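First up is the structure itself, then whatever we jot down about it.
These numbers come from a predicted model, not from an experiment. Note that ligands are numbered from 1 as they come in the structure, with each ligand's atoms numbered from 1 the same way.
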Amino acid sequence: MNTKLPETIETATFGLGCFWSPDAQFGIIKGVVRTRVGYAGGTTANPTYHNIGNHIEAVEIDFDRSQISYAELLEIFWRSHNPRQSPSWSRQYMDAVFYRTESQKQGVEQKLDREKANGGEIYTLIQPLTQFYWAEDYHQKYYLRQEPELMKEFDRTQFVNSTVAARINGYVAGFGSFSNLKGEIRDFGLSAAGCEKLEKIVSRIRH
Ligand code: MHO
């Protein structure tokens, strides 16, 4: 699942509150090849979870343009937060889009104009990406990490960049349906015990 030519891969960066959840939400989308969580949008040096400075929790999404567009991801981003909610109590959890190219900027502005047409002030932060700092390992694909039986299935050195790990993290967090899982679980390369465990988790949270 990781064999696409690099030139069809593009990266989107969003802040949507605690980064655990958008990591899972976007990780399960078809056409997303990798995700990672980290800190962006601030100026303080070398942010970490316990010393985040003025940075924002963000997720980076590598996606395959031949399968999904930046505009489609932006659409999900706008539907996943309330842009009219006054700034959150903490900068760390701001809703934000960090564009990295002129074309992404234009895409963001198009959607922003549409939002503005509905009236009211928009609080979503819109900035060019300057730097993205990876978060600590224990934050990457957080929900999947809470399942030791499933973690046994992965080579730790490949885990963060794995498309399968990104998808399974989405299922474990409740973003996929049981019937969708049934349709693709065989492609994940899990052991029989791993399949059984994942099906059990997903059947508990989604029907
Ligand atoms: N510990 C917080 C948020 C974590 S997120 C990485 C909670 O779950 O309430 O900021």
Please give the N or O to N or O pairs under 3.5 Å between ligand 1 and the protein, distances rounded to 0.1 Å.
residue, atom, partner, partner atom, Å
ligand 1, 10 (O), Y49, OH, 3.3
ligand 1, 10 (O), E57, OE1, 3.2
ligand 1, 10 (O), E57, OE2, 2.6
ligand 1, 10 (O), Y93, OH, 2.7

Check your understanding: Looking only at heavy atoms, which two atoms of T124 and W78 are closest? And how far apart?
Key -> OG1-CZ3, 3.4 Å
Check your understanding: Which heavy-atom pair separates D23 from Y142 by the least distance, and what is that distance?
Key -> OD2-N, 4.4 Å
Review point. More than 12 heavy atoms of other residues, nucleotides or ligands under 6.0 Å from CD of E75: is that the case?
Key: yes
Exercise for review: Quick one: do Q106 and S103 satisfy side chain to side chain donor-acceptor pair (under 3.5 Å)? Show the steps, please.
Suggested key: CA-CA 5 Å; Q106 280 171 16; S103 136; over 6 Å; no
Practice item. Before accepting this row, confirm whether a basic side-chain N of the pair E199/R204 lies closer than 4.0 Å to the acidic partner's carboxylate O. Key: no
Exercise for review: Would you please say whether a donor-acceptor pair under 3.5 Å links the side chains of T35 and E60?
Suggested key: no
